[in-house]
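Order of the sequence lines fixes the chain letters, A, B, ..., with proteins taken first and strands second; residue numbering starts at 1 for each chain. Values reported hereafter were calculated over all heavy atoms of this structure, with side chains retained and with hydrogens, waters and symmetry mates removed. If you're wondering where the values come from, they're calculated on a predicted model, not measured in any experiment.
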Number of protein chains: 2
Amino acid sequence: MTVDVLIFSIVGGDLSVLLIRRSSPPHQKMFAVPGVFVQMDESLDEAASRAISTKGGLSRIYLEQLYSFGRPDRDSRGRVVSVSYFALVPEDKITRDEGGEHVVRWFPVMKLPKLAFDHNQIVEMGIGRLRSKLAYSSIAVGLMPKSFSLSELQRTYELILGETIDKRNFRKKITSLDLLQETGREVGKRRRPAVLYSFKKDKPVFFD
Amino acid sequence: MTVDVLIFSIVGGDLSVLLIRRSSPPHQKMFAVPGVFVQMDESLDEAASRAISTKGGLSRIYLEQLYSFGRPDRDSRGRVVSVSYFALVPEDKITRDEGGEHVVRWFPVMKLPKLAFDHNQIVEMGIGRLRSKLAYSSIAVGLMPKSFSLSELQRTYELILGETIDKRNFRKKITSLDLLQETGREVGKRRRPAVLYSFKKDKPVFFD
DNA sequence: ACAAAAGTGTTTCCTTTACACCCATGT
DNA sequence: ACATGGGTGTAAAGGAAACACTTTTGT
């Protein structure tokens, strides 16, 4: 019984997922979604949090259960059921070269290698969930730093959806949701400084 | 590792769920969601199908994974992770008095007793999922008999959502989706006979 | 003829989309 | 002064919601 966690972030302008190079068989040297075996005394959610923190001390992360995979032949070592989660991490919280020697790496989701086990399928499902929730929830919160401009938020939406959005319509929609509060203003940019916003604390990520 | 399956149907004008009275501890005599232990050689989906068929030979049922529950204290016997599914069964496929001596019973979801384990929580989540998917999918298929009138379909929607729907708007929406084909006409009713429809085979239940 | 449910269109409102120019700043 | 992204409004189209009467059958 394992918990595998898709850790998504925006890295260098790509929606990316954190993967680990396996150091032992099966599928030695292939990349895989980070996971842990569930301990006897912890919940699935706790196991997911542990999976995240052992791969880099990340906090303030959005975490949601995704799906459970249990084909009997999915792991050659024997019967291993995987409960998958997905997590969102703001770009400013990550360290780009996790681990130093490339045992842990960020991959743009559009350029994934063949992964260990059924992990390609898990990643695909995670991306699908992320896209569909973007339309009807404020899940993008999880990928943004504490404070950000509307243009930055829009870029995040565009990266996940893979399409451009009209600037005026985007701003109309976001402001109509009443999720944001002004927190200041950019300084030192070589252009007009943007107003910065953060998410209102009393508005949780909503739905499902 | 168990798979528990919420089996929903419309029974006597109520959205209802099939529950089993437990014959042994823990929670002896309380009602619980039917489930099975996952065998070493079967997938989770297969275990879910098995759970359904052992509690009454049901076929042509809609089955979807719901959520996995894994609090370490959720079962006093030890560590039991439950992968829950939900299934939809048309009313004409069920037998109203399953088992005969009330070990298996249909409960309207609005009148649930206190259930064994964390099963109240599982049922709540299932109802929520059913409601939310009704809005953007053709999931109601699963609760309808082979052939039905638009009014019957509307009643199913209303039962699940718990609110009335305007007849003309409902029919406009359904017909615009182009999911149905005419299959005949009611006979022998003491009123104007309704046109009967079935779902087109090439249109699968869509989304998520 | 009456009861009971089936069936049918139009208008209003709101949401979504398309679209182009001026503004504030740093260099 | 110019380059760069920030910021703003309006009109048209499409989808959702409100609303009431006629039709067909069995008794």
Mind checking whether A/Tyr157 and A/Phe170 have parallel, tilted or perpendicular rings, split at 30° and 60°? perpendicular

Please find the pair of heavy atoms, one from [X] and one from [Y], that lie closest to each other, and give the distance.
{"X": "A/Glu64", "Y": "A/Ile139", "answer": "OE1-CD1, 4.4 Å"}
{"X": "A/Ile52", "Y": "A/Ala87", "answer": "CD1-CB, 3.8 Å"}
{"X": "A/Leu180", "Y": "A/Lys200", "answer": "O-CE, 3.3 Å"}

All N/O pairs under 3.5 Å across the protein-nucleotides 14-17 of chain C interface:
{"unit_1": "C/dT17", "atom_1": "O4", "unit_2": "A/Lys172", "atom_2": "NZ", "d": "3.1"}

Could you spell out the base pairing of DNA chain C in dot-bracket, with Watson-Crick or G-U pairs whose two distances are under 3.5 Å, [ ] crossing and | to another strand? |||||||||||||||||||||||||||

Measure CZ/B/Arg185 against P/C/dA5 and give the value in whole Å, please. 18 Å

Below 4.0 angstrom, N of the basic side chain to O of the carboxylate: do A/Asp92 and A/Lys146 qualify? no

Between A/Phe148 and A/Phe199, is the gap from one ring center to the other below 6.0 Å? yes

Listed once per pair and sorted, the salt bridge (Lys or Arg N to Asp or Glu O under 4.0 Å) pairs that draw on residues 148-165 of chain B, sequence neighbours left out: none

Tell me, please, which residues at least two apart from B/Arg131 pass salt bridge (charged side-chain N to carboxylate O under 4.0 Å, His left out). none

On DNA chain C, does the nearest nucleotide to B/Glu152 precede the nearest nucleotide to B/Arg168 from the 5' side, or the other way round? Give the residue. B/Glu152

Nearest-nucleotide check on DNA chain C, B/Ser151 vs A/Arg191; residue mapping nearer the 5' end is B/Ser151

Please examine the side chains of A/Val33 and A/Leu19, heavy atoms only from C-beta on, and report whether any two atoms are closer than 4.5 Å. yes

I want to check one thing: is the phosphate of C/dG7, taken as OP1 and OP2, less than 4.0 Å away from some side-chain N or O of B/Arg171? yes

Sorted by chain and number, sequence neighbours left out, side chain to side chain contact (heavy atoms under 4.5 Å, CB included) with A/Ser43 holds for A/Asp45, A/Glu46, B/Pro72

Contact boundaries on DNA chain D for chain A, cut-off under 4.0 Å to non-hydrogen atoms: D/dT4 to D/dT10

